[in-house]
Amino acid sequence: MDLGIAGRRAIVCGASAGLGRATATALAADGVAVLIAARSEDRLSAAAAEIAAETGGEVAFVAADVTTDAGREAVLAACPAPDILINNAGGPPPGDFRSWSREDWIKAIDSNMLASIFFVKAVIDGMIERKFGRIVNITSHMVKQPAAILGLSNGARAGLTGFVGGLSRDVARHNVTINCVLPGQFDTDRLRSNHQRFAAASKTDLATLQANARRAIPAGRFGEPEEFGAMCAFLCSAKAGYITGQNILLDGGQFPGLL
Ligand SMILES: NC(=O)c1ccc[n+]([C@@H]2O[C@H](COP(=O)([O-])OP(=O)(O)OC[C@H]3O[C@@H](n4cnc5c(N)ncnc54)[C@H](OP(=O)(O)O)[C@@H]3O)[C@@H](O)[C@H]2O)c1
């Protein structure tokens, strides 16, 4: 399918690995010029070269921590007028809420709520003027099915979800859409490190814990990052202009509810 976005410009945050990288790859394969951002420059520059080689697309990179003002400014200086914005950053650590300090909460809110909101604030008026904008926030299945151990993530991402839910209705008439995509369990570094922590906490060996996790997913497997990237690219397409304010769950059927 021709997504109708060749020649558009995208900022993809948290894109040297995992879901962000897969999204950048899908966009580049559809002819979008992508600017990818992450903190570690070595891994980021290698990812940019690999995505360019794989897709034949235009891929630039800026090493930046998108949870800081300086990091966002560096990204926006390199791509001041994006047509597409993918908001993404690392998730907060799991744990027991009794041990979380104010600093832990502020860090989670900076990372999984405010960074996205400030990026949206910086780019949305230009999108409105140009009558095209696609914003996708990578959040989590925890938004629909929260688990206490990921309370920092649940709290911060619920805040972002509420904010963009309102804003998306306000900008839809300008052909600017804002959606969230909620990953269930995708085979990435983040999932592996969470599983290692859960295994240690429950004194289970990692292989058993992962086998149990796969069994709990109706699809019987973890998701592939490419499957996630393809959904994000579609939501950024010219054909997806009537989808906005949605929270789209990609979880292999794990959420048990109908709606
Ligand atoms: N994978 C899953 O199953 C799953 C499930 C639910 C939710 N999620 C959420 O989805 C998001 C992406 O997960 P993932 O599995 O793709 O993670 P991942 O494999 O660990 O990749 C995270 C990417 O984001 C970058 N990054 C992290 N913090 C950043 C920051 N402050 N500024 C800029 N870049 C940053 C990382 O590079 P650097 O470290 O070099 O910056 C890396 O490129 C996370 O928020 C995660 O919690 C994932």
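Start at 1 and go down the list; that is how both ligands and their atoms are numbered. Everything quoted here is computed from the prediction, not taken from an experiment.
- Annotation: Gly20 places no N or O atom under 3.5 Å from an N or O atom of ligand 1; distance criterion only.
- No N or O atom of Leu191 sits closer than 3.5 Å to an N or O atom of ligand 1.
- With a 4.0 Å heavy-atom cut-off, ligand 1 is reached by the side chain of Arg157 but not by its N, CA, C or O.
- Screening Asp83, Asn175, Asn179 for a side-chain hydrogen bond (donor to acceptor under 3.5 Å, both in side chains) with Arg134, the sole residue that qualifies is Asn175.
- Atoms of ligand 1 found under 4.0 Å from any heavy atom of Gly91, numbered from 1 in the order shown, are 44 (C), 45 (O), 47 (O).
- In this structure, of Thr68, Thr139, Asn194, the residue bringing a heavy atom nearest to atom 9 (C) of ligand 1 is Thr139.
- Nearest protein heavy-atom contact of atom 17 (O) of ligand 1 is Arg190 CB, 3.3 Å.
- Close contacts of ligand 1 with Ser40, meaning ligand atoms under 4.0 Å from a residue heavy atom, involve 40 (O).
- The ligand atoms of ligand 1 that sit less than 4.0 angstrom from a heavy atom of Gln185 are 3 (O).
- Protein heavy atom in closest approach to atom 43 (O) of ligand 1: Ser16 OG, 2.6 Å.
- Between the side chain of Gln196 and the main chain of Asn194, no donor-acceptor pair closer than 3.5 Å is present.
- When only interatomic distances are considered, the shortest N/O to N/O separation between Pro183 and ligand 1 does not fall below 3.5 Å.
- Between Ala89 and ligand 1, at least one N/O pair is under 3.5 Å apart.
- Salt-bridge annotation for Asp189 and Arg43: present, with a side-chain N of the basic residue lying under 4.0 Å from a carboxylate O of the acidic one.
- Nearest protein neighbour of atom 34 (N) of ligand 1, counting heavy atoms only, is Ala38 CA, 3.4 Å.
- Here the heavy atom of the protein found nearest to atom 31 (N) of ligand 1 is Asp65 OD1, 2.9 Å.
- Ranking the protein heavy atoms by distance from atom 4 (C) of ligand 1 puts Gly184 O, 3.8 Å first.
- Only the backbone of Ala64 comes within 4.0 Å of ligand 1, counting heavy atoms alone; no side-chain atom from C-beta on gets that close.
- If you look at Leu19 next to ligand 1, the close heavy atoms, those under 4.0 Å, come from the backbone and the side chain alike.
- Side-chain contact between Leu35 and Val12 is absent, with no heavy atoms from C-beta onward closer than 4.5 Å.
- Its side chain within the 4.5 Å cluster rule, Ile217 clusters with Leu191, Phe222 among the Ile, Leu, Val, Met, Phe, Trp and Tyr residues.
- In terms of hydrophobic clustering, with Ile, Leu, Val, Met, Phe, Trp and Tyr side chains grouped at heavy-atom distances under 4.5 Å, Tyr242 and Met231 are assigned to different clusters.
- For Cys13, the heavy-atom gap to ligand 1 stays at 4.0 angstrom or more.
- Protein heavy atom at the shortest distance from atom 39 (O) of ligand 1 is Arg39 NH2, 2.9 Å.
- Only the side chain of Arg43 comes within 4.0 Å of ligand 1, counting heavy atoms alone; its backbone N, CA, C and O stay farther away.
- Side-chain contact between Leu76 and Ile11 is present, with heavy atoms from C-beta onward closer than 4.5 Å.
- Nearest protein neighbour of atom 15 (O) of ligand 1, counting heavy atoms only, is Thr188 OG1, 2.4 Å.
- Between Asp187 and Arg192 a salt bridge is recorded (basic side-chain N to carboxylate O distance below 4.0 Å).
- Using a 4.5 Å heavy-atom threshold, the side chains of Leu250 and Pro183 count as separate.
- Close contacts of ligand 1 with Phe186, meaning ligand atoms under 4.0 Å from a residue heavy atom, involve 1 (N), 2 (C), 3 (O).
- Checked by distance only, ligand 1 and Ile138 stay at 3.5 Å or farther apart across all their nitrogen or oxygen atoms.
- With respect to the salt-bridge test (charged N to carboxylate O, under 4.0 angstrom), the residues Asp110 and Lys107 do not qualify.
- Heavy-atom contacts of Asp189 reach the following atoms of ligand 1: 19 (O) (cutoff under 4.0 Å).
- Taking a cut-off of under 4.0 Å to the non-hydrogen atoms of Gly18, the atoms of ligand 1 that pass are 16 (O), 19 (O).
- Here the heavy atom of the protein found nearest to atom 23 (C) of ligand 1 is Gly14 O, 3.4 Å.
- Formation of a donor-acceptor pair under 3.5 Å by the Asp96 side chain with backbone atoms of Ser99 is not found in this model.
- Using a 4.5 Å cut-off on side-chain heavy atoms (C-beta onward), Arg21 and Ile36 make no contact.
- Pro92 is listed as a side-chain neighbour of Arg157, based on a closest heavy-atom distance under 4.5 Å.
- Using a 4.5 Å heavy-atom threshold, the side chains of Leu160 and Asn112 count as separate.
- The distance from ligand 1 to the heavy atoms of Thr67 drops below 4.0 Å at these ligand atoms: 31 (N).
- Inter-residue side-chain proximity for Ser111 and Ile109 is flagged as unmet; no heavy-atom pair is nearer than 4.5 Å.
- Salt-bridge formation is detected for the pair Glu227/Arg221: a Lys NZ or Arg NE/NH1/NH2 atom is positioned less than 4.0 Å from an Asp or Glu carboxylate oxygen.
- Considering backbone and side-chain N/O atoms, Ala37 never comes within less than 3.5 Å of an N/O atom of ligand 1.
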